[in-house]
Amino acid sequence: NQEYRTLVQQTEINFQTGIANKIETVRALDTVMRSTCPSASMWPNCSLTPEIFDTLTSPLILMGGMSAMGTAPLISSSNQKQLYEFEHYASEVYLGAGLDSFGSWKYPNSTLRGVASVGENGFYHDTQGNPDSSNDYLAPIMQISNSTQSEKARRSVLLNINREPTRADAIGEVVRCFEQAAATNTSSDECHRITEFIVPMLDFAVSPSALLVHPVSIEGELKGMVFSAHYWADIIQFSIPSSVSGLVVVITCNEKTFTYKFHHGMVGAAEEGDTHD
């Protein structure tokens with residue numbers, strides 16, 4: 001019993017350390033993007049080359065234990081001209097890098113890709129954003145880690161992360177936090193949010209994940225988001241010594257619960273519900 005309590009206490013410390021590492025790595029990416037495009041007039045058409053972005057985020061992902069990192073500008077759905085110009089810009093960046101298999105929606109008879117969301121009938125061109133959200137922003141992924149190597153990563157380019165409710169809730173909280181900080185002339189450094197359980201984009205297996213979003217502020221204006229994604233299994237694996245067997249971890253968030261069981265130091269696949277003995 002004492003051994004169990006000691007193990008759990010250390011696991012909680014490791015778990016908190018893991019989350020803190022993720023926040024710091026996202027802040028590092030935020031600093032890079034603000035330095036890359038320091039003027040508000042340079043947004044939303046701001047990016048690094050896909051090759052440089054992959055080189056930059058590779059060690060950050062390793063240090064933070066993430067599955068992916070990315071950037072997404074915020075574009076008002078009422079500014080259709082800016083949205084169309086951004087689609088042109090993003091298409092030029094990826095086509096210019098020789099990466100033609102990107103995006104999930106394509107203009108007919110054109111190489112131009114458009115902002116996409118997932119509906120009942122598959123991917124569609126999203127120009128209106130989330131009607132259920134209190135903000136009208138579109139947040140299309142401009143850059144995503146490993147895009148030079150992974151076709152799956154490239155397909156997520158231009159997906160609107162402010163469309164799916166769980167992601168939209170977190171982004172909405174970040175926007176409100178930022179607006180409050182601006183109104184009171186205080187720092188927005190703590191305006192990061194982590195989502196509830198999400199399904200990884202383009203991966204519809206039962207692999208509970210979370211998304212950490214952080215605002216990008218340029219000249220006091222909210223211009224975009226940097227984000228990281230992680231699988232809960234990865235942070236649990238990081239938090240528990242490799243010698244452990246028989247430990248069961250149950251994570252609950254609102255109405256969703258998942259159970260992970262350890263065998264010889266390795267975490268098993270997520271089981272829906274609380275299935276511990």
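Please read these numbers as outputs of a predicted model, since none were measured by experiment.
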Distance-minimising heavy-atom pair for [X] and [Y]:
{"X": "Phe53", "Y": "Ile144", "result": "CE2-C, 3.7 Å"}
{"X": "Val244", "Y": "Leu247", "result": "CG1-CB, 3.7 Å"}
{"X": "Val32", "Y": "Leu48", "result": "CG1-CD1, 4.1 Å"}
{"X": "His230", "Y": "Gly65", "result": "CB-O, 4.1 Å"}
{"X": "Val174", "Y": "Val213", "result": "CG2-CG2, 3.6 Å"}
{"X": "Ile251", "Y": "Tyr260", "result": "CD1-CE1, 4.4 Å"}

Under the side chain to side chain donor-acceptor pair (under 3.5 Å) criterion, do Ser91 and Glu87 qualify, and how do the steps go? CA-CA 6 Å; Ser91 296; Glu87 291 175 334; over 6 Å; no
Straight-line distance of [X] [atom1] to [Y] [atom2], nearest 0.5 Å:
{"X": "Ile23", "Y": "His192", "atom1": "CD1", "atom2": "NE2", "answer": "4.0 Å"}
{"X": "Ser47", "Y": "Ile52", "atom1": "OG", "atom2": "CD1", "answer": "9.5 Å"}
{"X": "Ile240", "Y": "Gln10", "atom1": "CD1", "atom2": "CD", "answer": "11.0 Å"}
{"X": "Arg193", "Y": "Asp169", "atom1": "CZ", "atom2": "CG", "answer": "12.0 Å"}
{"X": "Lys223", "Y": "Leu74", "atom1": "NZ", "atom2": "CG", "answer": "9.5 Å"}
{"X": "Leu159", "Y": "Trp105", "atom1": "CG", "atom2": "CH2", "answer": "13.5 Å"}

What I'd like to find out is whether the side chain of [X] reaches to under 4.5 Å of the side chain of [Y], using heavy atoms alone.
{"X": "Ser245", "Y": "Phe262", "answer": "no"}
{"X": "Thr57", "Y": "Gln143", "answer": "no"}
{"X": "Phe86", "Y": "Leu158", "answer": "yes"}
{"X": "Arg34", "Y": "Val216", "answer": "yes"}
{"X": "Ile235", "Y": "Ile19", "answer": "yes"}
{"X": "Gln237", "Y": "Met266", "answer": "yes"}

[X] side chain vs [Y] backbone, donor-acceptor pair below 3.5 Å:
{"X": "Asn160", "Y": "Ala139", "result": "yes"}
{"X": "Ser110", "Y": "Lys106", "result": "no"}
{"X": "Thr259", "Y": "Thr275", "result": "yes"}
{"X": "Asp54", "Y": "Thr148", "result": "yes"}
{"X": "Trp43", "Y": "Cys37", "result": "yes"}
{"X": "Thr257", "Y": "Thr252", "result": "no"}
{"X": "Ser104", "Y": "Arg155", "result": "yes"}
{"X": "Ser188", "Y": "Cys191", "result": "no"}
{"X": "Thr25", "Y": "Leu60", "result": "no"}
{"X": "Arg27", "Y": "His214", "result": "no"}

Could you check whether atom [atom1] of [X] has more than 12 heavy atoms from other residues, nucleotides or ligands sitting under 6.0 Å from it?
{"X": "Gln80", "atom1": "CD", "result": "yes"}
{"X": "Met42", "atom1": "CE", "result": "yes"}
{"X": "Glu51", "atom1": "CD", "result": "no"}

Parallel, tilted or perpendicular: rings of [Y] and [X] (30°, 60°):
{"X": "Phe102", "Y": "Tyr94", "answer": "parallel"}
{"X": "Phe15", "Y": "Trp232", "answer": "parallel"}
{"X": "His88", "Y": "Tyr84", "answer": "perpendicular"}

side-chain hydrogen bond (donor to acceptor under 3.5 Å, both in side chains) involving Asn45 - partner list, sequence neighbours excluded: none
Start with the C-alpha gap between Asn254 and Glu196, add the side-chain angles, then the distance that decides, and say whether side-chain contact (heavy atoms from CB on, under 4.5 Å) holds. CA-CA 8 Å; Asn254 288 337; Glu196 300 176 9; 2.7 Å; yes
Between Glu85 and Lys81, is the closest basic N to carboxylate O distance under 4.0 Å? yes
Test Val115 against Arg163 for side-chain contact (heavy atoms from CB on, under 4.5 Å), laying out the working first. CA-CA 11 Å; Val115 175; Arg163 183 66 180 85; over 6 Å; no
